[in-house]
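Everything on this sheet refers to the single structure shown next.
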Number of protein chains: 2
Amino acid sequence: MSSNENRDKLIRTASRLFRSKGYDGVGLKEILAAADLPKGSLYYHFPGGKVELADAATRWAGDWVARMLGQCFETAMCFEEGGVKTCETLAANAEHHNSVPACPVVSILQAAPSEPALRKTAEDIHNTWTAGLVRQAERFGVPDPHAAALSLHMRLQGAWILAYAQQSGAPFHQLAAELRKATAG
Amino acid sequence: MSSNENRDKLIRTASRLFRSKGYDGVGLKEILAAADLPKGSLYYHFPGGKVELADAATRWAGDWVARMLGQCFETAMCFEEGGVKTCETLAANAEHHNSVPACPVVSILQAAPSEPALRKTAEDIHNTWTAGLVRQAERFGVPDPHAAALSLHMRLQGAWILAYAQQSGAPFHQLAAELRKATAG
DNA sequence: AATTTCCTAGACCATTTGGTCTATAGCGGA
DNA sequence: TCCGCTATAGACCAAATGGTCTAGGAAATT
């Protein structure tokens with residue numbers, strides 16, 4: 001029963017490719033070749049085809065990010081430090097893989113006008129992330145938790161876009177430095 | 001000699017569509033239909049085809065953003081106020097058109113792995129924007145102009161992504177409020 | 001041993017993709 | 001009037017797209 005094994009392989013492969021070239025920039029052909037699986041497998045595990053696969057892949061990657069955020073803030077002493085640790089994790093990932101994949105949500109966002117299901121997915125994931133950050137801000141007693149969470153989310157997205165554009169972890173380090181200053185100052 | 005007229009129409013139409021659905025999400029067919037022009041016109045004005053058109057469209061939109069930044073900072077009393085005005089302009093645009101197009105650079109970024117020319121274009125435009133912001137930061141005597149410019153660029157990109165995802169100007173207003181606080185506090 | 005269930009395998013399809021090429025319309029100058 | 005240039009017009013092409021469908025292999029259940 002390699003069922004789940006191959007299903008997972010499709011999700012992981014698709015996620016990687018979508019985050020590199022965007023939803024519309026990757027064909028099923030390429031995904032199946034990379035996963036070394038035939039088309040029959042794809043449509044067995046994902047009867048909804050490309051959209052359903054992209055949905056699963058994005059939610060999977062989105063969950064990874066959410067868990068990563070949780071861990072970074074768990075071990076932090078204040079809200080800003082959680083942000084710093086997040087930056088460092090994303091930068092370390094970039095440097096380890098020698099490439100910066102886009103934020104999983106961003107990689108399906110441009111397909112949203114044509115695929116309403118993906119817009120919903122993007123919204124769900126963003127809400128999850130923001131909700132998690134709000135909880136952390138509350139936990140640390142930040143004055144305006146909602147504003148602080150949105151602010152950090154915004155800055156992480158900005159750093160991520162720049163890092164993706166430059167294919168470099170530098171923007172994450174830049175943001176980390178900035179957050180550190182906010183703690184000290 | 002409607003030459004330049006139709007060339008411009010292609011650029012404007014392409015820019016709008018690319019910013020809505022991304023480089024790979026729009027076909028030449030759709031662009032030509034929207035511009036009401038035949039394929040011959042496209043390949044006459046842009047022998048390089050889709051890539052050359054996307055390049056021109058992105059640089060055109062990128063220049064618009066650069067000029068807009070210049071105007072917002074020209075009439076500002078401090079660096080943060082320039083950022084606030086920029087947010088307000090982007091939000092007003094969103095509300096006026098009842099839709100939020102993506103940052104022009106973001107809309108071609110995902111095609112960069114397959115089209116090196118577009119990666120170069122994205123880099124050029126980002127550099128132009130950052131350089132402009134650095135100049136403004138220097139003009140206002142900001143302590144670390146480079147860091148301030150990068151920081152604002154990052155936050156604008158983040159707000160833009162969130163605004164695009166939500167199809168709402170709210171993130172721009174949120175960032176504006178944040179920048180205002182930084183001035184007052 | 002027979003049967004059923006799960007999953008793989010890939011041929012096949014209509015449609016669309018970006019791109020090339022020829023024909024020609026319109027117009028300014030000779 | 002004829003020429004020559006600019007630009008439009010769209011037929012046409014090979015390749016790729018996402019998707020459907022039938023056939024069969026492998027393993028568990030009976």
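Order of the sequence lines fixes the chain letters, A, B, ..., with proteins taken first and strands second; residue numbering starts at 1 for each chain.
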Interatomic distance where [atom1] belongs to [X] and [atom2] belongs to [N] [whole Å]:
X: B/K29; N: D/dG10; atom1: NZ; atom2: P; result: 15 Å
X: A/L32; N: D/dG18; atom1: CG; atom2: C1'; result: 11 Å
X: B/L10; N: D/dA7; atom1: CG; atom2: C1'; result: 12 Å
X: B/D24; N: D/dG18; atom1: CG; atom2: C1'; result: 15 Å
X: A/I31; N: D/dA16; atom1: CD1; atom2: P; result: 16 Å
X: B/L53; N: C/dT17; atom1: CG; atom2: P; result: 15 Å
X: A/R7; N: C/dT8; atom1: CZ; atom2: P; result: 12 Å
X: A/D8; N: C/dC7; atom1: CG; atom2: P; result: 12 Å

Qualifying ring pair (Phe, Tyr, Trp, His ring centres under 6.0 Å) pairs, either residue in residues 13-36 of chain B, two or more places apart: B/F18-B/Y23

Filter on ring pair (Phe, Tyr, Trp, His ring centres under 6.0 Å), then keep only pairs touching residues 51-77 of chain A, sequence neighbours left out; what's left? A/F73-A/F79

Salt bridge (Lys or Arg N to Asp or Glu O under 4.0 Å) partners for [X], two or more places apart:
X: B/K120; result: B/D124
X: B/K85; result: B/E81
X: A/R119; result: none
X: B/K21; result: B/E30

Are any of [X]'s side-chain N or O atoms less than 4.0 Å away from OP1 or OP2 of [N]?
X: B/Y44; N: D/dT8; answer: no
X: A/N6; N: C/dC7; answer: no
X: B/H45; N: D/dT8; answer: yes

Contact list for residues 152-176 of chain A, test salt bridge (Lys or Arg N to Asp or Glu O under 4.0 Å), sequence neighbours left out: A/R155-A/E178

Just checking, is any N or O donor in the side chain of B/H126 or B/Q157 under 3.5 Å from an acceptor N or O on the other one?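 Per modelled atom types, B/H126 and B/Q157 side chains form a pair under 3.5 Å.
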
Modelled atom types, side-chain donor and acceptor of A/T121 and A/D55, under 3.5 Å: yes

Counting only pairs under 3.5 Å, give me each side-chain donor-acceptor contact of residues 95-109 of chain B, with atom names and distances, residues two or more places apart or in other chains.
from, atom 1, to, atom 2, distance (Å)
B/E95, OE2, B/H173, NE2, 3.1
B/H97, ND1, B/N93, O, 3.0
B/S107, OG, B/P104, O, 2.7

With a 4.0 Å heavy-atom cut-off, tell me which residues in residues 12-20 of chain A come close to DNA chain D, sorted by residue number. none

Could you work out which one of C/dC7, D/dT8, C/dT17 sits closest to the side chain of B/S41?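 The nucleotide sitting nearest to the side chain is D/dT8.
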
As an exercise, state the distance from NZ of A/K50 to CG of A/L28, rounded to the nearest 0.5 Å.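 It is 6.0 Å, given to the nearest 0.5 Å.
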
Give me the other members of the hydrophobic cluster that B/L150 sits in, counting Ile, Leu, Val, Met, Phe, Trp and Tyr linked by side-chain heavy atoms under 4.5 Å, directly or via other members. none

Classify every nucleotide of nucleotides 19-26 of chain D by which part a protein heavy atom approaches to under 4.0 Å, writing B for the base, S for the sugar-phosphate alone and - for neither, in 5'-to-3' order. BB------

Inter-end axis angle, the helix from C/dA1-D/dT30 to C/dA30-D/dT1, with every axis fitted to five base pairs (rounded, 10 degrees):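 Taking the rotation axis at each end, their angle is 10°.
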
